[in-house]
Engineer: 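One structure follows; several queries about it will come next.
Quick note: numbers below take in every heavy atom, side chains included, and nothing from hydrogens, waters or symmetry partners. Since we're looking at a predicted model, the values are computed, not measured. Proteins get letters first, then strands, A, B, ... in listed order; numbering begins at 1 in each.
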Amino acid sequence: MSIQVATQKKVSAQVTLSLLTQLSTLVGQAFAAHDLDPAFGKVVISQRRELGQFQCNGALAAAKQAGKNPRDIATVIVGELEKTGLFAELSLAGPGFINIRLQDDFLIGHLNELSADPGFGCQHGHQAQKIIVDYGGPNVAKAMHVGHLRATIIGESLRRLRVFLGDTVISDVHFGDWGLPMGLLIKEIELGQPDLVYFDVEYTGPYPDDGPVTVEELQILYPAASARSKEDPVFAESARAATFDLQNGRAGYRALWQHMRDISVGETKTDFDLLGAHFTDWKGEADTNDHMPLMLARLKEEGYSEISEGAVVVHVAEGTDKKKMPPLILQKSDGAVMYGTTDLATIEMRAHESDPDCILYVVDARQSLHFEQVFRAARKCNSIKPECQLEHIGFGTVNGKDGKPLKTRDGGVVRLRALIEDAIAEARKVITEAGISDRFAADELEDIATKVGISAIKYADLSNQRMSNYIFDLERFTKFEGRTGPYQMYAAVRIKSMLRKAADQGLTSGPLVATHDAERNLMLAIAALPEAVIAATEKNAPNILCEHVYALTQEFNAFYHDCHVLGEKDESIRASRLKLCEITLRQIELVLEILGIDVPERM
RNA sequence: GGCCCCGUAGCUCAGCUGGAUAGAGCAAUUGACUUCUAAUCAAUAGGUCGCACGUUCGAGUCGUGCCGGGGUCACCA
């Protein structure tokens, strides 16, 4: 049987929308036809585009295994592939590389199939999961700062990616609202206003609807309390006691806590809205409070926890450990619970309420040891089903130009809001300096500046490899050249503008044809999306999507330069190019949406 | 000291399960706007992939050991 018949069948039966998968299958069958492992047929995008669009290096590995000459094997494979008639060019180079160039019909046929699918074939074959993404992590009384930037941006992007793939996604902001900082705040407020009813043990309520402090005051109180606790051991001790009392239900503290939490949530929502982050759940550490005693009792009863140095701990060290693995502390010697306890309790509650297949924690890489302890404890204590994947998605720090973690000029913490506002201001400045601000009405200009500024920050963050630290340089991020958010947006805006003009002139799109290499290259870039999505998902790496969209916009800009669309005299070519523009725009916007970047109509 | 992350062009960074001559972007030099947005495109120049061994036909990629930077190592989050 000729492989052409076999592959045609196979390809259509698989309905795969990934070009590389299709090609790998085809080439794999050529290997199989000669009693070689079809896995050798793996096709990748060519590293040397002048030699071909794709390449297969499998002949080298196959030759090694079979003890034959790689060029001989490659020659045979090429001969086999030529029978299919799907390739415009097949060549053999170097020690046994096979270079491949597709027939235009094959490429266009593939692109038709791909673009007919709203998700460009990316969801195909994805097994839907129920997944919880835990990110953001703001704290009561502390304004969100630069440390929350990456957690929010990366977490939101991973959430969007999973939603796109068809997973059921729960996103939990997981407020930091239950630890020692709460005790510190309560005591600091008491210091300033000792006569409030919240501090009267005899008083049983009701408590006032409005709390005694504003959000601005709260943000001053926390650093003050934190500093005081370092200098004053008596105060520190009283804060620890207050934390314990709060956790054990002291009514006045609870009422005060509720007030602090409410105003803090309101404040952080503004930041999250600006960054386009969406949470299905606004839970926090405190939500574990009812479950906490039950969990502690079970772990004690079932022998998972024990007393060590006055604290209740779960030992999580394993015999095979090379490194030191401290136990997870459930209760300090003063009885208060810690964030490891609430994290473990949260896992149990999530298991009970949602039964997820996977939980992703998008949290600073410096907390990797903490999460390893928590995950080990969760496994050991059967807190969640063993199949549920628990993963810490760590990330590096945001640094200043000096390479050290970003600080304000006087060494303080950089507030998230300030960072965002600076970016928008920088975008506004660049637009003004480019002398194009008069093209837009005031409100549109503001909308553009906001989108450009936010996209600059987001793209810069997401395009870096997650684990690396990166240098925050607004001037560079807001440039409209190179690998920046604005550059990606600009390509999309150019297409939008062109499509508006086409509509005005009554021009319509039509079937794809390929007449120029710039068109073929753009098609190939579009066809590469499924691989990018799969890799980004597997590695939880948005930077792979950034790379993809950059390659795409670059190919588009080259196409835009080489191939006129509206002015093209040949009607079928013009219609085809319009079609290609439509598909390109749809994909750019799709990927940018996954990254959390909004595209304006004009810029 | 143990463990984790990082080290690639002057600067900021990619490099997928090992494959051909290591790639982008800034910055530098040079071309292209009577033409769909030049916020663009094209070209030139720029490298001992921290160092040294090892595995392999083949190493930026895998292994081991060093060097340099950052982080972390039970009652903070």
Engineer: Looking at A/K332, does any N or O in its side chain come under 4.0 Å of the phosphate oxygens OP1/OP2 on B/C76?
Structural biologist: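 Yes, such a contact exists.
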
Engineer: Indicate, yes or no, whether a donor-acceptor pair under 3.5 Å links the base of B/C4 to the side chain of A/S368.
Structural biologist: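 Answer is no: no donor-acceptor pair is held.
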
Engineer: Across nucleotides 40-47 of chain B, 5' to 3', mark each nucleotide with B, S or - according to how protein heavy atoms within less than 4.0 Å reach it.
Structural biologist: SSS-----

Engineer: How many whole angstroms separate atom OH of A/Y550 from atom P of B/U12?
Structural biologist: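 Between P of B/U12 and OH of A/Y550: 18 Å.
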
Engineer: Salt bridge between A/K451 and A/D447, side-chain N to carboxylate O under 4.0 Å?
Structural biologist: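 Salt bridge present between A/K451 and A/D447.
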
Engineer: Using the P atom as the reference point in each nucleotide, state the distance between B/C16 and B/C73 in Å, no decimals.
Structural biologist: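 Nearest-Å result for B/C16 against B/C73 at atom P: 32 Å.
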
Engineer: When rounded to the nearest Å, what value does the distance between P atoms of B/C53 and B/G58 take?
Structural biologist: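 Between the two P atoms, the distance is 15 Å.
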
Engineer: Taking the C1' atom in each of B/G10 and B/U29, what is the distance between them to the nearest angstrom?
Structural biologist: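 It works out to 15 Å between them.
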
Engineer: Would you check if A/H564 stacks with the base of B/C36, given a 5.5 Å centroid limit and a 30° plane limit, both strict?
Structural biologist: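 Stacking between A/H564 and B/C36: present.
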
Engineer: Base, sugar-phosphate, or nothing for A/I544, non-hydrogen atoms under 4.0 angstrom?
Structural biologist: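 No contact.
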
Engineer: Determine the Euclidean distance between corresponding C1' atoms of B/A20 and B/G63; express it in Å to zero decimal places.
Structural biologist: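 So the two C1' atoms sit 25 Å from each other.
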
Engineer: Taking the side chain of A/L369 as heavy atoms from C-beta outward, which of B/C73, B/A74, B/A77 is closest to it?
Structural biologist: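 Closest of the options to the side chain of A/L369: B/C73.
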
Engineer: Please determine, for the side chain of A/E285, which listed nucleotide (B/C36, B/A77, B/A20) has the closest atom?
Structural biologist: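 Among the listed nucleotides, the one closest to the side chain of A/E285 is B/A77.
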
Engineer: The side chain of A/N469 is closest to which nucleotide in this list: B/C73, B/G70, B/G25?
Structural biologist: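 From the listed options, B/G70 comes nearest.
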
Engineer: Between B/C5 atom P and A/F395 atom CZ, what is the distance in whole Å?
Structural biologist: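 Going from A/F395 (CZ) to B/C5 (P), I get 17 Å.
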
Engineer: As a test of reading the structure: which of B/U12, B/C5, B/A77 is closest to the side chain of A/N139, going by heavy atoms?
Structural biologist: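 Nearest listed nucleotide: B/A77.
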
Engineer: Between B/G18 atom P and A/Q47 atom CD, what is the distance in whole Å?
Structural biologist: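 Taking CD of A/Q47 and P of B/G18, I get 13 Å after rounding.
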
Engineer: State which of B/A77, B/A24, B/G71 makes the closest approach to the side chain of A/R366.
Structural biologist: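 So the side chain of A/R366 is nearest to B/G71.
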
Engineer: Spell out yes or no: do the side chain of A/Q373 and the base of B/A74 have one donor N/O and one acceptor N/O closer than 3.5 Å?
Structural biologist: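 Between B/A74 and A/Q373, which were checked side chain against base, a qualifying N/O pair under 3.5 Å is absent.
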
Engineer: Could you tell me whether B/C49 is syn or anti, where syn means a glycosidic angle within 90 degrees of zero?
Structural biologist: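 B/C49: anti glycosidic orientation.
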
Engineer: Taking only side-chain N and O atoms of A/K501, does any of them lie within less than 4.0 angstrom of OP1 or OP2 on B/U37?
Structural biologist: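 Affirmative; the distance criterion is met.
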
Engineer: Measure from the ring centre of A/F97 to the centre of the six-membered ring in the base of B/G19, then say whether that distance is under 5.5 Å and the planes meet at under 30°.
Structural biologist: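 A/F97 vs B/G19: stacking no.
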
Engineer: Take atom C1' in B/C6 and the same atom in B/G60, then report the distance between them in whole Å.
Structural biologist: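 Approximately 14 Å lies between the C1' atom of B/C6 and that of B/G60.
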
Engineer: So which nucleotide from B/U37, B/C76, B/G71 ends up closest to the side chain of A/S497?
Structural biologist: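 Taking heavy atoms from C-beta onward, the closest nucleotide is B/U37.
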
Engineer: Which whole-number value in Å describes the distance from A/K64 NZ to B/G19 C1'?
Structural biologist: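 After rounding, the reported distance stands at 11 Å.
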
Engineer: Give a yes/no on whether any side-chain N or O of A/K479 is located under 4.0 angstrom from OP1 or OP2 of B/A27.
Structural biologist: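 It does, given that an N or O in the side chain of A/K479 lies less than 4.0 Å from OP1 or OP2 of B/A27.
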
Engineer: Quantified in whole Å, what is the P atom distance between nucleotide B/C51 and nucleotide B/C11?
Structural biologist: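 Taking atom P in both B/C51 and B/C11, they lie 15 Å apart.
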
Engineer: Looking for any heavy atom pair under 4.0 Å, which part of the strands does A/V493 touch: base, sugar-phosphate only, or nothing?
Structural biologist: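 Counting heavy atoms under 4.0 Å across all strands, the contact made by A/V493 includes a base.
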
Engineer: So what's B/C41 paired with, Watson-Crick or G-U wobble, going by both distances under 3.5 Å?
Structural biologist: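 By the stated definition (distances under 3.5 Å), B/G31 pairs with B/C41.
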
Engineer: With rounding to the closest Å, how many angstrom separate the C1' atoms on B/U56 and B/U40?
Structural biologist: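 The answer is 46 Å between these two C1' atoms.
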
Engineer: How about A/F375 and A/Y361: are their ring centroids closer than 6.0 Å?
Structural biologist: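 Under 6.0 Å, so yes.
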
